[in-house]
Number of protein chains: 2
Amino acid sequence: MRNQSPPGRARLSDVARRAGVSAATVSRVLSRPGLVAEATREAVLKAVSETGYRINHAARNLRKQRTGCVVALLPNLANSFFAKILDGMGRELARAGYDLLVADTLEDSGRHTRLDRFLDPSRADGIVLMDGLAPFDDLAGRPDLPPVITACEWIEGVELPRVMLDNRKGAELAVTHLRDLGHDHIGLIGGPPDNVLHKDRLAGAQTAAGSARITGFPGDFTMQSGQRAAEAWLALPARDRPGAVFAFSDEMACAFMSGLRRAGISVPQDLSIIGFDDIELVSHLTPALTTIRQPKREIGRKAAQIILDRIAGQEIPTVTLLEPELMLRETTAAPQR
Amino acid sequence: MRNQSPPGRARLSDVARRAGVSAATVSRVLSRPGLVAEATREAVLKAVSETGYRINHAARNLRKQRTGCVVALLPNLANSFFAKILDGMGRELARAGYDLLVADTLEDSGRHTRLDRFLDPSRADGIVLMDGLAPFDDLAGRPDLPPVITACEWIEGVELPRVMLDNRKGAELAVTHLRDLGHDHIGLIGGPPDNVLHKDRLAGAQTAAGSARITGFPGDFTMQSGQRAAEAWLALPARDRPGAVFAFSDEMACAFMSGLRRAGISVPQDLSIIGFDDIELVSHLTPALTTIRQPKREIGRKAAQIILDRIAGQEIPTVTLLEPELMLRETTAAPQR
DNA sequence: CCTTGCCCTGCAATCGATTGCAAACATTTT
DNA sequence: AAAATGTTTGCAATCGATTGCAGGGCAAGG
């Protein structure tokens with residue numbers, strides 16, 4: 001009897017009955033209005049607004065074999081870096097009528113989740129993976145999966161399209177800047193050794209360092225590790241202390257700088273520091289951090305465009321590199337004589 | 001002919017054929033195994049794993065009239081504060097088998113989006129709104145909408161369940177702390193005047209201030225406004241400068257402190273500063289910021305639990321308050337004599 | 001041997017929108 | 001005037017899983 005007296009929500013057929021046409025016609029008015037005669041179309045639109053009709057997504061998705069969702073998989077939603085990227089991505093997807101589903105690749109425990117939960121064409125039309133360590137080996141070319149791309153990070157040895165900063169060039173910019181200032185002993189606070197970003201940035205830094213001496217400090221992109229690097233730097237005999245330090249993340253750079261300042265070292269007089277990422281806060285520090293900017297929203301936007309193109313069946317580039325930029329601020333200067 | 005030769009993906013009926021049972025039985029094995037005889041169940045499970053069957057969500061959702069999604073609506077995804085909340089929320093939802101859909105309430109232009117796009121039972125089973133200024137007036141009790149709750153912020157005059165920090169108490173903690181140190185002239189860097197968080201915190205601050213003198217600085221929670229507050233403070237004649245300042249967000253507190261340090265003011269000797277939120281970075285500054293902690297992940301988790309309860313049809317509390325905590329660090333001290 | 005009742009299982013309707021096909025009608029061409 | 005072409009619309013099948021209802025099988029009780 002539901003057919004006679006719609007309970008709360010109008011269905012396509014309710015609109016049709018009201019407009020005196022078939023459900024097919026209503027559907028066409030809504031999706032390809034050009035196919036329907038002017039007069040009919042108007043009657044239908046009137047009925048639509050009178051009934052307050054709203055489409056049922058589940059029904060449409062079932063019929064059209066799509067979901068209207070793109071899922072972003074990230075290791076740490078709480079990281080503000082990813083947040084900015086999601087922001088750009090979400091907006092771009094919304095413009096195209098897609099929703100953004102976000103999910104962690106890590107359990108609370110720190111172990112990787114079963115990703116196949118999301119690798120499912122009935123859940124998402126496309127996937128943007130932002131965790132270079134996700135267990136994704138065997139999934140590269142399976143035709144029963146929705147399209148997958150990686151953003152920011154990528155997985156070595158797996159053939160997935162990539163969108164990311166030109167990390168190597170970013171590191172080159174940083175170290176070249178320090179070299180240009182006259183530094184010939186440069187400290188590097190890196191990321192986890194097996195992290196692809198770390199590897200690329202390290203390579204870029206080494207290239208640009210040329211004959212300069214390099215001293216490495218272990219790090220993992222977190223502030224805790226930046227702090228440890230400060231302790232390590234302070235523990236060095238004065239003549240082994242690099243006069244300039246390039247941290248592979250702004251968070252490490254901040255904590256490093258804070259640790260040194262606490263010990264009475266002044267920046268940039270005694271020590272130059274340069275970071276990586278250009279998170280919003282660092283431009284408001286005193287002194288303001290010189291750093292390498294990643295266009296975060298732009299990365300998100302670009303990733304969205306590319307996954308949408310793939311969903312639309314187009315060819316997409318294997319690697320998309322975005323340009324880093326040197327943000328010259330107050331923490332770098334020529335070494336003291 | 002699709003019925004005879006499944007193309008890529010196994011359907012329920014394919015599994016059924018393979019196991020020699022009906023689709024209904026397969027469905028029951030998967031959802032209520034207790035209803036099915038042991039032997040049948042095993043045969044079905046075998047067929048399931050042999051075919052690599054994966055459920056089609058659109059079909060199930062259509063039939064069950066649900067979506068398996070909860071949508072979080074926020075004004076600014078790029079804000080790390082919200083990111084942490086989403087983190088807690090996403091994990092809790094995942095545990096219950098729900099997906100987290102995120103969306104901005106603001107357009108690129110800064111105008112509010114048409115929220116009804118998400119106010120749709122066919123898109124989400126529940127909604128967590130985190131924007132106190134969203135145009136939500138008329139939507140409070142409509143039965144054709146999925147359940148809505150607000151988190152962090154809320155909308156005045158609209159009867160929606162709320163989950164948030166006890167902002168008033170947080171502000172009281174902050175100001176009481178300054179009073180206990182002996183400050184009798186306190187500066188407040190507030191939020192936008194019509195923001196509910198601002199109003200609550202202001203009320204709390206005033207209560208705790210008692211007879212102390214209060215000087216207000218306009219703000220909007222951003223670092224830019226913190227910087228402007230610094231300029232305003234510096235522009236005051238010395239005897240009108242409050243010796244302690246409570247900023248309603250850590251970002252403002254950071255920028256404020258940075259601006260003063262740049263002008264040669266030392267913290268906390270010349271001026272005490274206390275923030276609000278306890279974003280991760282502030283504990284790594286030098287000096288480390290004293291602030292009021294919001295349990296961000298906990299807020300997210302709690303919001304998730306409550307919206308899930310509502311979805312399950314349970315009664316839920318109208319207001320859920322979480323406890324703030326004073327994080328005593330290095331930026332507050334007794335005023336100089 | 002016949003009921004009665006329980007346990008399993010299958011049938012078939014249902015969720016709501018989309019779309020290939022063809023009918024019905026209008027318009028143009030020959 | 002007949003034929004060809006074009007436009008508009010409806011019919012009915014389809015997407016894939018769920019579930020109320022009823023029937024078959026079997027055991028226990030009379």
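Labels below follow one simple rule: chain letters A, B, ... track the order of the sequence lines, proteins then strands, and each chain is numbered from 1.
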Item to complete: Identify, with sequence neighbours excluded, every residue that meets side chain to side chain donor-acceptor pair (under 3.5 Å) alongside Arg297(A).
Response: Asp87(A)
Discussion item. Whether Asp116(B) and Arg123(B) form a salt bridge (side-chain N of Lys/Arg under 4.0 Å from carboxylate O of Asp/Glu) is what I want to check.
Written reply: no
Response to the item:
Taken to the nearest whole Å, CG/Asn61(A) to P/dA17(D) is 15 Å
Worksheet item: Starting at NE2 of His57(A) and ending at C1' of dC15(D), how long is that distance when rounded to a whole Å?
Response: 17 Å
Discussion item. Would the distance check show the side chain of Asn56(A) and the main-chain N or O of Ala58(A) forming a donor-acceptor pair, the cut-off being under 3.5 Å?
Written reply: yes
Practice prompt. Determine whether the side chains of Thr51(B) and Asp14(B) contain a donor N or O and an acceptor N or O closer than 3.5 Å.
Written response: no
Worksheet item: For Tyr98(A), is the NZ or CZ atom of Arg66(A) found under 6.0 angstrom from the centre of its six-membered ring and inside 45 degrees of the ring axis?
Response: yes
Discussion item. Measuring to OP1 and OP2 of dA17(C), would you say a side-chain N or O of Tyr53(A) lies under 4.0 angstrom away?
Written reply: yes
Item to complete: Can you tell me the distance, in whole Å, between the CG atom of Asn56(A) and the C1' atom of dT14(C)?
Response: 13 Å
Item to complete: Measure from the side-chain N and O atoms of Thr25(B) to the backbone N and O of Thr40(B), and report whether any donor-acceptor pair falls under 3.5 Å.
Response: no
Item to complete: Take the C1' atoms of the five end pairs on each side of the helix from dC1(C)-dG30(D) to dT30(C)-dA1(D), derive the two axes, and give their angle rounded to 10 degrees.
Response: 50°
Worksheet item: How long is the line joining CG of Leu30(A) and P of dA17(C), in whole Å?
Response: 9 Å
Worksheet item: Among the nucleotides dG16(D), dA17(C), dT18(D), which one has an atom lying closest to any side-chain atom of Gln65(A)?
Response: dG16(D)
Discussion item. How many whole angstroms separate atom NZ of Lys64(B) from atom C1' of dG16(C)?
Written reply: 18 Å
Worksheet item: Less than 4.5 Å apart, any side-chain heavy atom of Phe81(A) and any of Gln294(A)?
Response: yes
Discussion item. Using a 3.5 Å distance criterion without hydrogens, assess whether the side chain of Arg310(A) forms a donor-acceptor pair with backbone atoms of Pro147(A).
Written reply: no
Worksheet entry | Distance, rounded to the nearest Å, where Arg32(B) contributes CZ and dC8(C) contributes P | 13 Å
Worksheet item: Rounded to the Å, how far apart are Leu62(B) CG and dA17(C) P?
Response: 9 Å
Worksheet item: Do Arg60(A) side-chain and dT18(C) base share a donor-acceptor contact under 3.5 Å?
Response: no
Worksheet item: Looking only at atom types and distance, does a side-chain atom of Thr113(A) sit under 3.5 Å from a main-chain N or O of Thr105(A), one as donor and one as acceptor?
Response: yes
Item to complete: Not counting sequence neighbours, which residues clear side chain to side chain donor-acceptor pair (under 3.5 Å) with Ser27(B)? List them please.
Response: none
Discussion item. Need one value for Ile55(B): base, sugar-phosphate or nothing, where a base atom within 4.0 Å counts as base even if backbone is also close, heavy atoms only.
Written reply: sugar-phosphate
Detail all sub-3.5 Å separations between protein N/O atoms and N/O atoms belonging to nucleotides 5-10 of chain D.
| residue | atom | partner | partner atom | Å |
| --- | --- | --- | --- | --- |
| dT9(D) | OP1 | Thr40(A) | OG1 | 2.1 |
| dT9(D) | OP2 | Ala37(A) | N | 2.9 |
| dT9(D) | OP2 | Thr40(A) | OG1 | 3.4 |
| dG10(D) | OP1 | Ser22(A) | N | 3.4 |
| dG10(D) | OP2 | Ser22(A) | N | 2.9 |
| dG10(D) | OP2 | Ser22(A) | OG | 3.0 |
| dG10(D) | OP2 | Thr25(A) | OG1 | 2.4 |
| dG10(D) | N7 | Arg28(A) | NH2 | 2.7 |
| dG10(D) | O6 | Arg28(A) | NH1 | 3.3 |
| dG10(D) | O6 | Arg28(A) | NH2 | 3.3 |

Worksheet entry | Between His112(B) and Asp131(B), a side-chain donor and acceptor under 3.5 Å | yes
Item to complete: List the protein contact pattern of nucleotides 22-27 of chain C with one symbol per nucleotide (5' to 3'): B for base contact, S for sugar-phosphate-only contact, - for none; contact means a heavy-atom distance under 4.0 Å.
Response: ------
Discussion item. Quick test of your reading of the model: are Glu50(B) and Lys46(B) salt-bridged, counting only N-O distances below 4.0 Å?
Written reply: yes
Discussion item. Applying side chain to side chain donor-acceptor pair (under 3.5 Å) to Asp125(B) and Thr67(B), what does each step give before you reach the verdict?
Written reply: CA-CA 6 Å; Asp125(B) 297 337; Thr67(B) 70; 3.0 Å; yes
For nucleotides 22-25 of chain D, print each protein N/O atom paired with a nucleotide N/O atom at under 3.5 Å, atom names and distance only.
none

Worksheet item: Should the pair Asp99(B)-Arg117(A) be classified as a salt bridge under the 4.0 Å nitrogen-to-oxygen rule?
Response: yes
Worksheet item: Tell me: CG of Leu12(B) to C1' of dG16(D), nearest whole Å?
Response: 8 Å
